[in-house]
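Reckoned from all heavy atoms, side chains included, excluding hydrogens, waters and symmetry mates. Proteins come first, then strands; the chains are lettered A, B, ... in the order of their sequence lines, and each starts at number 1. Just so we're clear, the structure is a prediction, and the values are computed from it rather than from any experiment.
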Number of protein chains: 2
Amino acid sequence: MARSVAVKKSVKPAKSSYVLDEQVGFILRQVWQRHSAIFSREIGTNITPTQWAALSKLAESGPCSQNQLGRLTAMDVATIKGVIDRLTARGLTETSQDPEDGRRLLVSLTRAGQQLAEKVAPNALAITRETLAPLEAKEREMLMALLNKLR
Amino acid sequence: MARSVAVKKSVKPAKSSYVLDEQVGFILRQVWQRHSAIFSREIGTNITPTQWAALSKLAESGPCSQNQLGRLTAMDVATIKGVIDRLTARGLTETSQDPEDGRRLLVSLTRAGQQLAEKVAPNALAITRETLAPLEAKEREMLMALLNKLR
DNA sequence: GCTTGCACGTTTGTGTACAAACGGTATCGT
DNA sequence: ACGATACCGTTTGTACACAAACGTGCAAGC
């Protein structure tokens with residue numbers, strides 16, 4: 001007799017059946033992994049994507065409070081603290097008390113941090129390009145538009 | 001003589017200008033964050049996306065060696081070890097030596113793990129749907145096709 | 001036999017990521 | 001003035017993610 005599977009030979013291949021490889025979450029994780037690999041290979045410095053987010057955001061919008069910077073770079077308060085601690089330990093950022101608000105810890109780039117940001121920015125752009133390299137121009141545009149709807 | 005900076009007063013506000021918010025990597029991280037949040041809210045059990053990947057892959061393709069499972073779920077050998085350790089500690093998976101190859105550690109679902117996988121699969125599908133909810137059907141298809149080119 | 005090489009799993013160390021709880025500071029309404 | 005509320009930063013604990021180094025088992029070649 002027939003096994004219990006595939007009793008029905010419907011037109012569709014199968015029912016709902018959860019297939020890991022077809023789930024967005026799983027694919028997203030892999031795409032992020034690939035991007036991270038490209039990043040650490042091409043960035044030219046011993047710096048992580050997250051650290052670069054903080055650094056480049058500071059370069060882009062100037063000094064701001066630690067938590068604010070966390071919001072701008074999509075990091076948890078605990079996460080941004082660790083990141084800034086490490087960047088500060090490496091002399092790329094520095095912190096000071098906000099004179100106008102005793103709660104805030106102002107974060108700014110040091111000279112070395114500024115120089116690094118300038119030096120590395122072209123690599124970062126190249127990393128974006130390489131990540132998207134498998135796509136045509138039209139596809140890249142499409143992807144960015146779609147991803148933007150999902151953040 | 002003049003300082004080297006800002007000698008030119010170009011029309012554009014800045015030069016090549018690296019804008020963090022427009023980089024795929026940054027957006028990918030945020031999309032993944034949003035998905036993770038949906039996941040932990042909707043999965044209905046105290047389980048992570050990564051653990052679910054291992055669990056559902058075991059349910060899908062049956063027992064296999066630890067490293068092999070890691071490959072199937074896009075995890076590092078060190079990562080998959082931790083994941084299996086935790087799943088085993090919770091009685092969802094179990095391990096045994098492969099009798100045919102002294103190196104391999106065979107991983108399989110326990111009964112509890114199987115039951116959990118079955119119980120949770122519908123939620124996992126719902127999570128996929130909710131993650132993609134901001135998109136139209138056509139857009140979802142498009143996105144999946146594009147992401148697939150980038151893994 | 002034996003060596004070379006590769007696969008398997010483990011351990012250590014660093015770096016996100018987030019929840020939860022804590023104490024301190026500003027602000028606003030009353 | 002004051003108390004509720006919200007925001008700021010810190011700490012602790014858990015869980016990925018990956019590099020690097022280690023020891024062991026297997027298989028292919030001479």
Residue among A/Val107, A/Val83, A/Thr93 satisfying side-chain contact (heavy atoms from CB on, under 4.5 Å) with A/Thr88: A/Thr93

Rounded off to whole Å, could you give me the [atom1]-to-[atom2] distance for the [X] and [N] pair?
{"X": "A/Asn67", "N": "C/dC18", "atom1": "CG", "atom2": "P", "result": "14 Å"}
{"X": "B/Gln33", "N": "C/dT16", "atom1": "CD", "atom2": "P", "result": "13 Å"}
{"X": "A/Leu105", "N": "C/dG24", "atom1": "CG", "atom2": "C1'", "result": "14 Å"}
{"X": "A/Asp76", "N": "C/dG15", "atom1": "CG", "atom2": "P", "result": "18 Å"}
{"X": "A/Ile84", "N": "C/dG15", "atom1": "CD1", "atom2": "P", "result": "14 Å"}
{"X": "A/Met75", "N": "C/dT16", "atom1": "CE", "atom2": "P", "result": "8 Å"}
{"X": "A/Gln51", "N": "C/dT14", "atom1": "CD", "atom2": "P", "result": "13 Å"}
{"X": "B/Trp32", "N": "C/dC18", "atom1": "CH2", "atom2": "C1'", "result": "13 Å"}

Whether [Y] and [X] form a salt bridge (side-chain N of Lys/Arg under 4.0 Å from carboxylate O of Asp/Glu) is what I want to check.
{"X": "B/Glu136", "Y": "A/Lys149", "result": "no"}
{"X": "A/Glu130", "Y": "A/Arg34", "result": "no"}
{"X": "B/Asp21", "Y": "A/Lys57", "result": "yes"}

By side-chain hydrogen bond (donor to acceptor under 3.5 Å, both in side chains) - contacts of A/Ser40 (at least two apart):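 Once residues adjacent in sequence are excluded, A/Ser40 has no partner under the side-chain hydrogen bond (donor to acceptor under 3.5 Å, both in side chains) criterion.
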
Span of DNA chain D in contact with chain B (heavy atoms, under 4.0 Å):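 Nucleotide range with atoms under 4.0 Å of chain B: D/dA15 to D/dC26.
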
Spacing of B/Ile43 atom CD1 and B/Ser36 atom OG [to the nearest 0.5 Å]: 12.0 Å

5′-ward residue of the pair A/Thr50/B/Asp85 relative to DNA chain C: B/Asp85

Comparing A/Glu100 and A/Thr79 on DNA chain C - which has the more 5′ nearest nucleotide: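 The 5'-side residue here is A/Thr79.
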
Sugar-phosphate, base or nothing in reach of B/Ser65, heavy atoms under 4.0 Å: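 Sugar-phosphate: the residue B/Ser65, judged by heavy atoms under 4.0 Å, touches backbone atoms but no base.
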
Side-chain donor or acceptor of A/Thr79 paired with backbone N/O of A/Met75 under 3.5 Å: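 Side chain of A/Thr79 to backbone of A/Met75: no pair is present.
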
Nearest-nucleotide 5' precedence on DNA chain D, A/Leu106 against B/Ala78: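 Taking each residue's closest nucleotide, the earlier one in sequence belongs to A/Leu106.
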
Stepwise side-chain contact (heavy atoms from CB on, under 4.5 Å) check, B/Phe26 with A/Trp52: CA-CA 10 Å; B/Phe26 185 59; A/Trp52 170 244; over 6 Å; no

Listed nucleotide nearest any side-chain atom of B/Arg103, set C/dA7, C/dA19, C/dG9: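 Nearest to the side chain of B/Arg103 among the choices is C/dA7.
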
Helix axis bend for the helix from C/dG1-D/dC30 to C/dT30-D/dA1 - C1'-based end axes, five pairs, 10° rounding: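 The end-segment axes of the helix from C/dG1-D/dC30 to C/dT30-D/dA1 are tilted 10° relative to each other.
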
Intermediate values then yes/no, side-chain hydrogen bond (donor to acceptor under 3.5 Å, both in side chains), B/Thr110 and B/Glu94: CA-CA 6 Å; B/Thr110 61; B/Glu94 54 191 0; over 6 Å; no

Distance below 4.0 Å between A/Arg104 side-chain N/O and C/dA26 OP1 or OP2: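 Looking at the OP1 and OP2 atoms of C/dA26, neither is under 4.0 Å from any side-chain N or O of A/Arg104.
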
